[in-house]
*Asks:* 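What follows is a single structure, and I will ask about it in a moment.
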Amino acid sequence: MLADGHGTRQDGSIDRTVETIRRKFLTQMEDRILFFEAALQDYRSTGNRDELMARISFGAHKIAGLAPSLGFQSLGQRANRIELAAESYRKSETADDVAPLLNEVDTLLDEMEQLLD
Amino acid sequence: MRILIVDDEQMFVELFARTLASIGYEDIESANSGEEALARIEAQSTPFDCFLLDIRMDGMDGIELCKRIRALPQHHQTPIVMVTTMTEKSYVDSAFHAGANDYLTKPIDKIEITARMGMVEALLSERQHSGLLVEQLSDSEHSFGAKVRFEDPVALPDTPEVVPLGTLENYVLRLGNLRLFSSMAVGFHVTNAADIYARTGRLDFVDILANVAAAIGEALRGNDYFLAYAGSGDFCCVMPRLSSFDRGEAEVLLNDRLARIMESQAFPDCVSPRVRIGAPATSGLLSFNDPTHLLYKAIGAARKAADTAAAQPQEATGAA
């Protein structure tokens with residue numbers, strides 16, 4: 001939830017807004033999961049690492065910026081770590097092993113699926 | 001205050017707008033891309049008072065958008081706050097170099113937003129006080145001049161190399177002491193600023209300070225720096241600790257450049273400004289000081305250098 005240092009009359013209204021957006025976020029969770037799975041599937045068939053990292057970074061960025069504000073701190077933090085790691089892979093000139101990042105993405109997808117239950 | 005939020009995540013825009021409304025900012029518009037934002041800005045008959053920009057967006061990113069907004073004459077000084085998950089120094093530097101005044105990290109926090117909007121209000125107030133200099137030049141000297149006090153960190157005209165003091169403070173605050181360890185602050189003191197202020201009209205004083213800023217910019221050429229005017233004839237800049245900066249050489253170069261600029265301009269009853277550069281100030285890795293302390297330490301060092309030089313009047317210009 002939003003940190004709240006001011007007891008304004010509109011806080012109830014904010015809570016309702018957060019709840020509405022939170023529901024919308026959960027409704028769109030499946031699309032976000034499919035986004036990552038499509039990126040992983042394409043990587044398996046093309047082996048294009050740069051493309052994979054760009055897509056993972058973008059998908060994770062979308063979650064990292066929004067999830068914590070809606071009360072999904074763990075999801076947001078993991079997405080943030082993934083975004084940073086994917087960006088680091090993109091900038092790296094050496095062919096670093098992508099397995100640790102892909103494991104982290106798997107964990108993120110598990111966490112997202114659990115929220116759907 | 002009319003605010004434009006630009007973010008390609010519509011749910012975030014809704015959340016942010018609602019939070020702003022809860023603390024009293026209700027005149028809010030939004031755009032989901034840089035391109036849409038520019039179109040919206042162009043379509044406005046009354047300019048926006050503040051921009052809140054996401055950095056990472058599809059198409060034009062927030063850094064490019066910030067540069068484009070800053071290039072618009074009506075928004076040279078409009079507060080721009082970057083709102084992002086990207087916390088690395090390279091992103092913070094890019095944002096401030098592009099003209100941002102502050103940097104807010106997602107996830108959003110109501111207390112933090114309230115504080116940053118307070119900064120925006122202060123910037124708007126400062127702009128009202130002294131920033132719209134170009135427009136005010138058409139006013140009588142008396143009406144504007146009376147408003148410029150010696151100690152004011154006034155906005156200097158035609159000085160793209162100078163950021164408002166509040167922005168420089170925000171920059172070091174966003175870096176924090178740990179990341180500030182790789183930077184240093186350098187102070188510049190116009191030793192005869194009070195004399196110039198007393199002898200000249202206020203607008204001339206501000207123009208002369210702009211000349212000083214231009215000369216400092218030339219002396220720092222080749223370095224990656226942020227420079228601000230702090231009032232009372234003091235400037236401060238922040239640059240990488242490993243910069244190829246030679247204090248003595250820079251001081252000679254800038255005073256020489258300044259003398260040539262002043263020769264080419266006719267300021268009645270005016271002596272040429274003389275500038276002393278202080279020893280660079282650095283921050284300890286585990287310092288508990290407020291990061292802005294570094295800026296004032298640098299200014300203090302420049303004043304000390306000026307005092308030392310004043311005690312040795314026979315010494316030629318140039319740092320020891």
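First the proteins, then the strands, lettered A, B, ... as listed; each starts at 1.
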*Asks:* Dump the intermediate steps for salt bridge (charged side-chain N to carboxylate O under 4.0 Å, His left out) on A:Glu83 and B:Lys106, then the final yes or no.
*Replies:* CA-CA 14 Å; A:Glu83 180 188 3; B:Lys106 293 178 183 176; over 6 Å; no

*Asks:* In terms of heavy-atom pairs under 4.5 Å with chain A, which of B:Thr84, B:Asp58, B:Val83, B:Asp54 leads?
*Replies:*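 Sorted descending by pairs with chain A, the first entry is B:Asp58.
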
*Asks:* Can you tell which part of B:Glu88 gets under 4.5 Å to a heavy atom of chain A, answering side chain, backbone, both or neither?
*Replies:*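 It is the side chain, since no backbone atom gets that close.
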
*Asks:* A:Arg78: which residues meet the side-chain contact (heavy atoms from CB on, under 4.5 Å) condition with it, sequence neighbours left out?
*Replies:* A:Arg81, A:Ile82, A:Glu104, A:Thr107, A:Leu108, A:Glu111

*Asks:* Go through the structure and list residues passing side-chain contact (heavy atoms from CB on, under 4.5 Å) with B:Pro79, not counting sequence neighbours.
*Replies:* B:Asn101, B:Val120, B:Leu123, B:Leu124

*Asks:* Between B:Arg56 and A:Phe58, is the side-chain contact (heavy atoms from CB on, under 4.5 Å) condition met? List the steps.
*Replies:* CA-CA 9 Å; B:Arg56 190 163 181 197; A:Phe58 182 75; 4.2 Å; yes

*Asks:* Look up atom NZ in B:Lys110 and atom OG in A:Ser69, then write down how far apart they are to the nearest 0.5 Å.
*Replies:*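 With rounding to 0.5 Å, NZ (B:Lys110) is 13.5 Å from OG (A:Ser69).
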
*Asks:* Counting heavy atoms not belonging to B:Gln10, are there more than 12 under 6.0 Å from its CD?
*Replies:*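 Counting neighbours around CD of B:Gln10, more than 12 heavy atoms of other residues, nucleotides or ligands fall under 6.0 Å, so yes.
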
*Asks:* At what distance, to the nearest 0.5 angstrom, does OG of B:Ser90 lie from NZ of A:Lys91?
*Replies:*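 It comes to 5.0 Å.
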
*Asks:* With the threshold set at 4.0 Å, does a side-chain nitrogen-carboxylate oxygen contact exist between A:Arg22 and B:Glu14?
*Replies:*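 No, no charged N to carboxylate O under 4.0 Å.
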
*Asks:* When you look at B:Leu15 and A:Leu70, which way does the side-chain contact (heavy atoms from CB on, under 4.5 Å) test go after all the steps?
*Replies:* CA-CA 9 Å; B:Leu15 189 63; A:Leu70 299 173; 4.1 Å; yes

*Asks:* Could you tell me if the side chain of B:Glu9 sits less than 4.5 Å from the side chain of A:Ile63, heavy atoms only?
*Replies:*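 Side chain of A:Ile63 against side chain of B:Glu9, heavy atoms only: no contact under 4.5 Å found.
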
*Asks:* Would you say B:Thr85's side chain and A:Gly65's backbone share a donor-acceptor pair under 3.5 angstrom?
*Replies:* no

*Asks:* With a 6.0 Å cut-off (strictly less than), is the heavy-atom count around CG of B:Leu242, excluding the residue itself, greater than 12?
*Replies:*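 No, not enclosed.
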
*Asks:* Once you round to the nearest 0.5 Å, how far does CE of B:Met11 lie from CD of A:Gln28?
*Replies:* 3.5 Å

*Asks:* Taking the side chain as every heavy atom from C-beta outward, state whether A:Ile21 and B:Arg18 have any pair of such atoms under 4.5 Å apart.
*Replies:* no

